[in-house]
Amino acid sequence: MKQFQFNYESEDKLLSSIKRIKQWCNSSVVSNVVFQIYSETLNKPKIQDICDIIDKELPDALYMGTSTCGNILMGNKSEGDISIVCTIFEYPSTNVKILQYALDESKAYEVATDLRRVVRENPWVKSITTFTTMRGMSMTDYCDYLGMLPKKIVFCGGGAFSEDINKSEAFVFSSEGEISDHATVFLLVGGDDYFVQAMHVTGWKPLGRYLSVTKAKGATLYELDGKPAYETYYKYLNIKNDENFFNNTLEFPFLYELNGMDILRAPIASNEDGSIEMTADIAENVKARISYGDPWTILESVYNAAVSFQDFVPETFTVFSCAARRTFWGDDEVGNETEPFQSLAPTSGFYTSGEFLRNGDYVNQHNVTLVIEAQREGDVQGKEIPQVEMDTEEFSGKVSMINRLATFIQAATEELEDANKELSRMAITDGLTKLYNRTEIQHRITAKSIENSSMGSHGKFSTGASLIMMDIDDFKHVNDTYGHKEGDEVLRKLADMLKRVLKENSIEGDIGRWGGEEFMILLPSADVERAERIADLIRVSFTNIVFSHAPSQTLSLGVTEMIAGETSDISCMRADDALYEAKRTGKNKVVVK
């Protein structure tokens, strides 16, 4: 595999570069020639002239291109408006195909379906690279459809953009279609001697507590924890809703897990109603955290990613980097995170409006992310393993101030969350037995009763939920004779036995201490016959418990099935009546009502 990278300066210089490529091809073994054209300018006539020259001089070559928010050549931000990368595949077994489709939300399924058809008809495909227009279009369904492609295929790419990130104009084009504002282009590559790997790098780290996305639609985030989303940025970061909102929030995008992968979503504008426009769709009912961007942390992530490619011995890298990362670094330093890959192999790409990468069963749309695709022809045997060239002193052996502060905040947040969880647990737990307390078990019975009321079969034994109420027989005698310490042991061992019996019999149930020596079990999925069997098993099991000083003890139990349409109080009263009858008629028995 051979690659030529250069900027477009004039037609004459382009012709000279193509002639040099032709000369190289004539003296070498060549199977396919592919041009990738990246344009910061939206000058379509100039782009068409470039395509015409390639068609004329190299009629067998394929090409694909996109408008960009900046181009990457030789591992760094290119100074040219238009950058051209020519990749020459040398192995006869390597196959290449380019497809172009018109694309909007109504065509998303059709495009993905036809792409799957092409892949089925061409089993040699190992990688698919895409350039796509995406501004003003939700990509969620489109990504879901693309996720149906075979798992073995590496899928990655980027969204078309323009130099001005505030503009929505963007286009893609290829040798298989015209320059289009609403289209997607796919490059399919594969073969026995072709190898590919891809991964993503964020470098942004979570900060603070989880926030619930309580209201969102498409790329508009309305509420976090039930409050206008903008309030989060103002309250925690003092970021005002002004012309600097995008730049100020860029260091603090949202991070959440989607399809088993960390996804970043950056705010781009705040609306008058307190909602925030995000760079892409964000789903409701997910847990998100504000993340922070620290240059040292990002560079360390980049270094680790580059090192992970060393043994692959790449021959080229294609990089899809979010335009937000270019803004974050600035043009003078943005190359810091792409130059390490150039030290391994020629690296090119562009700054995108969004990045795509397959992860297992899913194709995900990323933001504020660096997606890297590595390619190689031939086996690595006998090839020298390249080494990453990068000054690691900036992040090795020392930690930046923001990193230290973020670590402190994160540790304090986790401690506070753990403390709150423990307080929540204590609020519903009986201190002695570690079962639910009466308030909580009553709450659960009431909730089940309300659920049963929605079944509509009022007055019938059709809920499939039952209650078991129990009381230790003559428990006062244990406390009076052996002391309260022994009485506490009896209660704890009863509680442990109740949990064990339900677990060993694979039955779902909530167990609570009703008060003193009384206990209640809610069996939400057990009819009265099964509840009676469980109750009798509990009765027998309790008589077999050995205590430190007290002799074996007995239980009386009342069982009832909850009736659709009745209140929880009525159900509990019926269980209590059954328990009372068990006590009155001899104890150590189960009574059903």
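Below, each value reflects all heavy atoms present in this structure, side chains not excepted, and no hydrogens, waters or symmetry copies.
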Can you name the nearest heavy-atom pair linking L62 to E176, along with the distance?
CD2-OE2, 4.0 Å
Atom NE2 of H366 and atom CZ of F320: how far apart are they, to the nearest 0.5 Å?
12.5 Å
Between Q5 (side chain) and M74 (backbone), is there a donor-acceptor pair under 3.5 Å?
yes
Are T68 and Y351 close enough that some pair of their side-chain heavy atoms sits under 4.5 Å apart?
no
Output the distance between atom CD (E300) and atom CG (D294), rounded to the nearest 0.5 Å.
9.5 Å
Test E40 against N71 for side-chain hydrogen bond (donor to acceptor under 3.5 Å, both in side chains), laying out the working first.
CA-CA 7 Å; E40 249 186 302; N71 310 324; 4.6 Å; no
Under 3.5 Å side-chain donor-acceptor pair for D569 and T567:
no
Please determine which of V213, L224, L264 meets the side-chain contact (heavy atoms from CB on, under 4.5 Å) test together with F254.
L224
Measuring from atom OG1 of T429 to atom CG of N437, what distance do you get when rounded to the nearest 0.5 angstrom?
6.5 Å
I want to check something: taking the side chain as every heavy atom from C-beta on, are L103 and M137 in contact at a cut-off of under 4.5 Å?
yes
Tell me, do D181 and T133 make a side-chain contact under 4.5 Å, heavy atoms counted?
no
Does S67 use its side chain to pair, donor to acceptor, with the backbone of F161 at less than 3.5 Å?
yes
Using the side-chain hydrogen bond (donor to acceptor under 3.5 Å, both in side chains) rule, take T184 and T130 through it: C-alpha gap first, then chi angles, then the decisive distance, then the call.
CA-CA 7 Å; T184 186; T130 186; 3.2 Å; yes
Value rounded to 0.5 Å, distance of SG in C69 from CD in E163:
7.5 Å
Counting only heavy atoms not in M148, do more than 12 sit closer than 6.0 Å to its CE atom?
yes
Write down the atom of P524, the atom of A465, and the distance for their closest heavy-atom approach.
O-CB, 3.7 Å
Parallel, tilted or perpendicular, as decided by the 30° and 60° cut-offs, for the rings of F171 and F173
tilted
Kindly indicate whether the side chain of S321, heavy atoms from C-beta on, has any atom under 4.5 Å from the side chain of L370.
yes
Are F131 and Y38, when compared by the centres of their aromatic rings, separated by less than 6.0 Å?
yes
When the ring planes of Y109 and Y145 are compared, do they come out parallel, tilted or perpendicular, using 30° and 60° as the limits?
perpendicular
Might you point out which heavy atoms bring N241 and F245 nearest each other, and give the distance in Å?
CA-CD1, 4.4 Å
E284 atom CD, neighbour heavy-atom count above 12 within 6.0 Å:
yes
Would K46 and D49 satisfy salt bridge (charged side-chain N to carboxylate O under 4.0 Å, His left out), going step by step from the backbone distance to the final call?
CA-CA 5 Å; K46 183 183 287 187; D49 288 343; over 6 Å; no
Applying side-chain hydrogen bond (donor to acceptor under 3.5 Å, both in side chains) to T41 and D81, what does each step give before you reach the verdict?
CA-CA 6 Å; T41 174; D81 290 341; 5.7 Å; no
4.5 Å side-chain heavy-atom contact, Q197 and V154
no
Would S78 and N7 count as a side-chain hydrogen bond (donor to acceptor under 3.5 Å, both in side chains) if you check the C-alpha gap in whole Å, the side-chain angles of each, and the deciding distance to 0.1 Å?
CA-CA 8 Å; S78 170; N7 285 318; 2.7 Å; yes
So, taking the atom named CD in Q100 and the one named OG in S175, what distance separates them when rounded to the nearest 0.5 Å?
8.5 Å
For the residue pair I98 and V185, establish whether any side-chain heavy-atom pair is separated by less than 4.5 Å.
yes
Keeping Y8 on the side-chain end and I37 on the backbone end, is there a donor-acceptor pair under 3.5 Å?
no
Nearest 0.5 Å, what's the CD1-OG distance between I441 and S568?
11.5 Å
Any idea which heavy atoms bring N271 and E277 closest together, and the distance?
ND2-OE2, 2.9 Å
Side-chain heavy-atom pair L99, K97 within 4.5 angstrom cut-off
yes
